[in-house]
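All values below come from the heavy atoms of this structure, side chains included, with hydrogens, waters and symmetry mates left out. Naming: A, B, ... by sequence-line order, numbering from 1 per chain.
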Protein chains: 2
Amino acid sequence: MRIEQTDETARQLDAVDLAILRALTRNAEMSNKALAQQLRLAESTCAHRVRSLRARGIIRDTRVRVDGAALGLPLQGIIRVRLGSHTPEGVHALFDALAATPKVLQVFHVAGVDDFLVHVAVEDAEALRDIVLRHITVHPIVRATETQLVFELRDGAGMLAEQD
Amino acid sequence: MRIEQTDETARQLDAVDLAILRALTRNAEMSNKALAQQLRLAESTCAHRVRSLRARGIIRDTRVRVDGAALGLPLQGIIRVRLGSHTPEGVHALFDALAATPKVLQVFHVAGVDDFLVHVAVEDAEALRDIVLRHITVHPIVRATETQLVFELRDGAGMLAEQD
DNA sequence: GTTGAAAAGCGACCACC
DNA sequence: GGTGGTCGCTTTTCAAC
């Protein structure tokens with residue numbers, strides 16, 4: 001584990017903070033007691049650190065992750081969206097509409113070949129078509145879409161991985 | 001809220017289960033007591049439901065989300081990866097390597113124009129180039145990459161949204 | 001910033017409906 | 001499947017280092 005901090009934002013995070021973030025990023029159900037034991041801290045110290053990380057906004061929130069298949073949404077897709085016009089109002093309105101669409105998990109507003117990448121979870125191929133036709137290409141601003149089926153989605157090593 | 005369940009997998013999830021999932025998907029820090037009050041359930045009933053959802057794998061896990069900018073990784077990108085050959089061993093090995101790369105948040109294995117979409121968080125443009133050159137295009141199986149900068153990433157309405 | 005010890009709150013379990 | 005009560009543990013708080 002690297003101890004010294006290099007850049008200005010990370011300077012306020014020491015090795016203990018990073019260890020806490022690593023643990024809670026893997027499993028946030030862990031009790032404060034267990035976390036303190038693992039890091040060889042007093043329970044009160046550990047609780048204090050965690051509260052501070054939340055207060056500073058470094059820990060944004062805590063969420064459960066739901067199994068899509070168990071919910072009847074076994075299929076995932078990425079819909080690449082290209083626009084025909086790019087007025088700020090039009091782009092923002094579409095962004096809002098995409099994010100508000102049921103079964104949409106994440107919306108990436110990107111620079112590059114595409115304008116948006118829409119990650120969705122659906123029950124079957126027909127539901128996927130429904131989203132594309134009834135929620136995306138209905139917007140006149142959308143010039144073209146291209147849908148990619150997700151075979152598998154894995155978590156990466158993440159922001160807190162040791163450098164290699 | 002729709003009460004009746006239509007498809008077979010969701011049949012085992014009633015309106016109360018869905019309400020629990022909706023709440024914990026937004027904020028998993030909520031205490032069992034608060035959750036029970038919100039849903040007008042007895043605390044023991046509520047706890048029983050939540051434990052059952054976990055045991056059945058419908059709730060996969062609980063995680064904190066960390067602010068990338070606060071950690072010194074303010075830039076996000078999507079790297080689209082196309083392969084030159086598609087042997088199962090080669091594809092799997094690359095999948096493993098991508099998921100194990102520091103600063104990689106998610107890896108999508110997809111069908112379509114591309115083979116993988118790699119979502120990364122980095123400190124600056126040079127770090128992005130480093131990932132592409134030193135962790136992705138180094139693999140001989142990779143034919144081409146195309147990088148898209150992420151302007152903004154929003155959560156969608158999600159799997160539990162009411163149908164519209 | 002860190003610690004240990006008391007007080008307050010919470011969740012696990014039980015018999016019962 | 002849902003209810004209310006008791007017990008044991010965890011978290012919070014606080015004075016002190």
[Y]/[X] salt bridge by N-O under 4.0 Å criterion:
| X | Y | value |
| --- | --- | --- |
| A:D130 | A:K103 | no |
| A:R154 | B:D96 | yes |
| B:R26 | B:D155 | no |

Interatomic distance where [atom1] belongs to [X] and [atom2] belongs to [N] [whole Å]:
| X | N | atom1 | atom2 | result |
| --- | --- | --- | --- | --- |
| A:N32 | C:dC10 | CG | C1' | 14 Å |
| A:L13 | C:dG1 | CG | P | 12 Å |
| A:L41 | C:dG4 | CG | C1' | 14 Å |
| A:L39 | C:dT3 | CG | P | 11 Å |
| A:H48 | D:dC17 | NE2 | P | 19 Å |
| A:E29 | D:dT11 | CD | C1' | 17 Å |
| A:Q37 | D:dT11 | CD | P | 11 Å |
| B:D17 | D:dG2 | CG | C1' | 14 Å |

Which of these passes side-chain hydrogen bond (donor to acceptor under 3.5 Å, both in side chains) with B:R80: B:T147, B:D114, B:T145, B:D115?
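In the set B:T147, B:D114, B:T145, B:D115, the residue that makes a side-chain hydrogen bond (donor to acceptor under 3.5 Å, both in side chains) with B:R80 is B:D114.
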Select one nucleotide: of [options], the one nearest the side-chain heavy atoms of [X].
| X | options | answer |
| --- | --- | --- |
| B:S44 | D:dG1, D:dT10, D:dT3 | D:dT3 |
| A:T45 | C:dC13, C:dT3, D:dG2 | C:dT3 |
| A:K33 | D:dT11, C:dC10, D:dG2 | D:dT11 |
| B:A42 | D:dT3, C:dG1, D:dT11 | D:dT3 |
| A:R49 | C:dG1, C:dG11, D:dT11 | C:dG1 |

Answer with base, sugar-phosphate or nothing: what part of the nucleic acid does A:E43 contact at a heavy-atom distance below 4.0 Å?
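Counting heavy atoms under 4.0 Å across all strands, the contact made by A:E43 includes a base.
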Taking the inter-plane angle between the rings of A:F108 and B:H119 on a 0 to 90° scale, is it parallel (under 30°), tilted (30 to 60°) or perpendicular (over 60°)?
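Perpendicular, since the angle between the ring planes exceeds 60°.
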Look at A:R51 and D:dT11 and indicate whether a side-chain polar atom (N or O) is within less than 4.0 Å of OP1 or OP2.
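For D:dT11, neither OP1 nor OP2 has a side-chain N or O of A:R51 closer than 4.0 Å.
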